[in-house]
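Below, read A as the first sequence line, B as the second, and so on, with proteins coming before strands; counting in each chain starts at 1.
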Amino acid sequence: MRSLLDGLNPQQLAAVTLPRESALILAGAGSGKTRVLTTRIAWLIQEKQLSPMGVLAVTFTNKASREMLTRIGAMLPINTRGMWVGTFHGLCNRMLRAHHREAGLPQAFQILDSADQLALVKRVMRALNVDDERYPPRQAQWFINGQKEAGWRASAVMPTDDLERRFNEVFEAYDRQCQQEGVVDFAELLLRAYDLLSRNEPLRVHYQSRFQHILVDEFQDTNKLQYAWLKLLAGRDNAIFAVGDDDQSIYGFRGADVGNMAAFERDFAVRHVIKLEQNYRSHGNILDAANALISRNRERLGKNLWTADERGEPLRVYEAPTDTDEAGFIVDEVKSLLREGTSASEIALLYRSNAQSRVLEHALFSAGIPYRVYGGLRFFERQEVKHALAYLRMVANPEDDGALLRVINFPARGIGARSIEHLQEAGRARGSSLWQAACGGAVTGKAGTAIGGFVRLVDGLRTQCAGLKLPELVTHVVEGSGLKDHYQTEKDGAERNENLDELVNAAATFVTEAIYEAGAEEGGTTDPNDPLAALSAFLAHASLEAGEHQAGAGQAALQLMTVHAAKGLEFQAVFISGLEEGLFPHDNSLDENEGVEEERRLMYVAITRARRRLYLSHAQSRMLHGQTRYHLPSRFLEELPEALMKRINASRVAPWAPPPARTGFPPPMASRNDTGWRVGQNVMHPKFGAGVIVSAEGRGADARVQVNFRDAGLKWLALEYAKLTPA
DNA sequence: CCTCATTGAGTTTTT
DNA sequence: CTCAATGAGG
């Protein structure tokens, strides 16, 4: 019989078979970290007679947790359903559903996604009369999430300035409103689960004695609250097996704290730190480039990837005059890769920000190459789906003001802004939900009649749905709400109605596949046969897995995504485009603490996605926000060893050839000025260093140019005095 | 109350 | 440029 441990290298084997004690596994890119995680779980169950229910395995994405379950299922003859393998949010949701009473939540509590949350923040701010010019709702949302992720409620926050004081008032009112409506945001799922365990000793003891082994994937991405939750579950006796890579920490901007790795070593007196440094993914040149780049970072735990594989090809570097040319180059190369037999789905086009996908898409579309963009609008975030979900939320819990506001006048039934304001005033006056205000006939007159119609509609749906199974229930709501009819008559409604049908399918799939895992927790109150519980579980699924339900996923298509979205994936050939100062590294990250280091890690992640071939490209000029912008090549290009690279265009494009005119457009205002310098030209200044000319004006003694310096920023220079040299 | 036009802002993002 | 959010007019 084939052993679980066959084919593991010594480090992997050591990690998999560690005794029951906390350990940190530093797993480099492509070093087989998922294999180690899943094999350890299987090994514990098979060789150490650990019950599958004694394992808690946490990941960040649904995809990763599904992958883990699939692999465990392939290794062991057990039913993985019901195992506690999931995302932080998914597992907290599960815990809160099972103990909603102890957690102070209604049985049918709903989960707000970011958009729902922002809407609620805005609503609260309006109620508090907060000036949204001085206090932008987005920032308030960011503040609230930041506090929660650090483990703080509004009552515990010590505001340091006026802005924070105001935001904290919003925070407090927001949480009160959430409680009244019976809704929780993503961060609240974690905070509430943490509070539940820390306050409820019997429950804590119960889970602590159950989860003898806790395994954490992508540990470098945990935030303070997630770490605290893990510590609570670990208690004194349980072992945490943390797998992570500090070099791939790219979510610092949203609260991930690499410091948790050091804290973990200290707090858990970790004796075994195992480094997985053998890379099974990339050719030598690619790996060397990645190593050279990341060695520039100061804050590292230290790790050097190596491969037994051959050196492979050099990295191909291309400098294009414009973003359009860059896209054209990429399309040409893609075509030849496809001709050579590389599968389209094995080719990835990566970029730093989503806005950059447009040019690439345009070029690919014109060339007739099938592609798929990740990170677009997700299924459960589509307008029509959100509307249907809002009706479903009203069925599950009519106190949900957010859901009510979304659909009270959709499809239009004559309830305008004024009527809604009246309703909100009434709700505020009685301290009740909008639904109760509406039922109580708080608004009179013509508007009252319309509102009454809405109340009867929702009441009708609620009674009619009482005995229905989930898929029928969804069908009934989609039709009974009038959404179907509404989109039937709208001109672009056909696709929307297809998505509504797809929602019914999603509900049917959910029932057969997912629901029973959530039910029947010991000590819990969730009954899988209770239709309300089923509906709540489905709605939670919709919030927590917004992205997973995508059409046309399986087809052979080129993969377009941001570098962030590419983490964890690998491809035969990878293009990293837009390697320009200001874009990658991004301007907005440069002034942040360690911002450049995080950008560099991002670049490291990008490089290490490639197995065999890696293209790096940049453009001298680029359309950004409707304007032509000129950027210097990214510093990251200079940080890669020249010996590993092949500049494939050196002969084709002279350094300061004017960008060719685009057909149908006036030529970029580059060439025509009297200063003797060209916009877009790279220059050197004795004091300010490297820069690029952004604009130029005047002549003779008045001639001056505006230069964007990499380090010194934007400057106007009088050419009579400035010692500018071409670079 | 609804539709069209103007204005303004615009990293990365999973849950 | 392109989307979202406001404001004027039907």
Side-chain angles (χ1 to χ4, degrees), chain A residues 58-65 86-93 111-119 122 132-133 136-138 142 145 148-149 184-191 193 217-218 221-223 225-226 249-256 323 350-359 362 374-378 380-381 383 409-420 446-447 450 540-548 561-568 578 582-592 595 598-599 601-603 605-606 622-629 665:
Chain A
V58 203
T59 64
F60 274 84
T61 65
N62 294 300
K63 199 172 163 197
S65 63
T87 63
F88 278 100
H89 295 85
L91 295 172
C92 286
N93 174 52
I111 301 166
L112 303 180
D113 68 18
S114 310
D116 297 333
Q117 184 189 32
L118 183 61
K122 284 181 181 168
D132 59 1
E133 298 263 287
R138 282 188 173 283
W142 189 79
N145 290 336
K148 287 191 181 188
E149 276 158 15
V184 298
D185 57 53
F186 288 134
E188 183 69 26
L189 279 174
L190 287 155
L191 187 50
D217 190 16
E218 307 276 16
D221 286 336
T222 52
N223 62 35
L225 179 56
Q226 287 160 338
S249 158
I250 55 174
Y251 286 109
F253 72 92
R254 66 170 197 223
D323 50 353
L350 307 184
Y351 33 81
R352 176 67 202 352
S353 60
N354 281 311
Q356 289 166 247
S357 75
R358 214 168 279 283
V359 210
H362 182 76
Y374 288 77
L377 191 58
R378 287 187 272 250
F380 285 110
E381 289 171 0
Q383 186 213 113
N409 197 36
F410 194 95
R413 51 177 71 85
I415 304 172
R418 210 62 245 277
S419 314
I420 291 171
K446 217 169 97 196
H541 165 83
S543 298
L544 293 173
E545 293 200 35
E548 300 309 321
M561 64 190 90
T562 63
V563 181
H564 282 91
K567 189 163 82 150
L583 258 185
F584 196 2
H586 198 280
D587 264 337
N588 296 12
S589 61
L590 292 184
D591 42 284
E592 278 167 42
E598 180 148 322
E599 294 286 306
R601 290 193 291 270
L602 198 50
M603 180 68 182
V605 168
R622 173 178 300 277
M623 275 299 253
L624 217 58
H625 309 320
Q627 275 185 323
T628 307
R629 300 267 302 266
F665 290 96

Tell me what [X] touches on the nucleic acid: a base, only sugar-phosphate, or nothing, going by heavy atoms under 4.0 Å.
X: A/Phe60; result: sugar-phosphate
X: A/Arg358; result: sugar-phosphate
X: A/Ala412; result: sugar-phosphate
X: A/Ile415; result: sugar-phosphate

What is the distance from [atom1] of [X] to [atom2] of [N], rounded to the nearest Å?
X: A/Glu598; N: B/dT12; atom1: CD; atom2: P; answer: 14 Å
X: A/His362; N: C/dT2; atom1: NE2; atom2: P; answer: 11 Å
X: A/Glu381; N: B/dT15; atom1: CD; atom2: P; answer: 10 Å
X: A/Lys148; N: B/dT15; atom1: NZ; atom2: P; answer: 19 Å
X: A/Lys567; N: B/dT15; atom1: NZ; atom2: C1'; answer: 14 Å
X: A/Gln383; N: C/dC3; atom1: CD; atom2: P; answer: 14 Å
X: A/Arg629; N: B/dT11; atom1: CZ; atom2: P; answer: 11 Å
X: A/Arg418; N: B/dC1; atom1: CZ; atom2: P; answer: 9 Å

Nearest listed nucleotide, side chain of [X], among [options]:
X: A/Thr87; options: B/dT15, B/dC2, B/dT11; answer: B/dT15
X: A/Thr562; options: B/dC2, B/dT13, B/dT15; answer: B/dT13
X: A/Glu599; options: B/dT13, B/dT11, B/dT15; answer: B/dT11
X: A/Phe186; options: B/dC1, B/dT15, B/dT13; answer: B/dT15
X: A/His586; options: B/dT11, B/dT15, B/dT14; answer: B/dT11
X: A/His625; options: C/dC3, B/dG10, B/dT13; answer: B/dG10
X: A/Asn354; options: B/dT12, B/dT15, B/dG10; answer: B/dT12
X: A/Ser419; options: B/dC1, B/dT14, B/dT13; answer: B/dC1
X: A/Leu544; options: B/dT12, B/dT15, C/dT2; answer: B/dT15
X: A/Ser114; options: C/dC1, B/dT15, B/dC2; answer: B/dT15

- So which heavy atom on A/Phe584 is nearest to which on A/Gly578, and how close? CB-O, 3.8 Å
Nearest 0.5 Å, what's the [atom1]-[atom2] distance between [X] and [Y]?
X: A/Glu599; Y: A/Phe253; atom1: CD; atom2: CZ; value: 10.0 Å
X: A/Leu602; Y: A/Tyr251; atom1: CG; atom2: OH; value: 8.5 Å
X: A/Ser65; Y: A/Asp217; atom1: OG; atom2: CG; value: 9.5 Å
X: A/His564; Y: A/Arg352; atom1: NE2; atom2: CZ; value: 5.5 Å

- Task: Map A/Met561 and A/Arg413 onto DNA chain B by nearest heavy atom, then report which one ends up closer to the 5' terminus.
- Result: A/Arg413
- Query: If you find the nucleotide of DNA chain B closest to A/Ala355 and the one closest to A/Asp113, which residue's nucleotide is nearer the 5' end?
  - Reply: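 Here A/Ala355 is the residue nearer the 5' end.
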For [N] and [X] - does any side-chain N or O of the residue sit under 4.0 Å from the phosphate oxygens OP1/OP2?
X: A/Lys122; N: C/dA5; result: yes
X: A/Asn145; N: B/dT15; result: no
X: A/Ser543; N: B/dT15; result: no
X: A/Asn409; N: B/dC1; result: no
X: A/Thr59; N: B/dT15; result: no
X: A/Arg378; N: B/dT14; result: yes

- Query: Which value, in whole Å, describes the distance between the C1' atoms of nucleotides C/dC3 and B/dT14?
  - Reply: 22 Å
- Same-atom distance (C1') from C/dA5 to B/dT12, integer angstrom: 24 Å
- Sidechain N-carboxylate O distance under 4.0 Å for A/Arg378, A/Asp113: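 Result for this pair is no, no salt bridge flagged.
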- Message: A side-chain contact here means heavy atoms from C-beta on lying under 4.5 Å apart; do A/Ile111 and A/His89 qualify?
- Response: no
- Message: I'd like to know if A/Arg254 reaches the base of B/dT14 with its side chain, counting only an N/O donor and acceptor under 3.5 Å.
- Response: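 Yes, the side chain and the base share a sub-3.5 Å donor-acceptor pair.
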- Message: Would you say the base of B/dT15 stacks on A/Phe88 (centre-to-centre below 5.5 Å, plane angle below 30°)?
- Response: no
- Message: Please determine whether the number of non-hydrogen atoms from other residues, nucleotides or ligands lying under 6.0 Å from atom CZ of A/Arg138 exceeds 12.
- Response: no
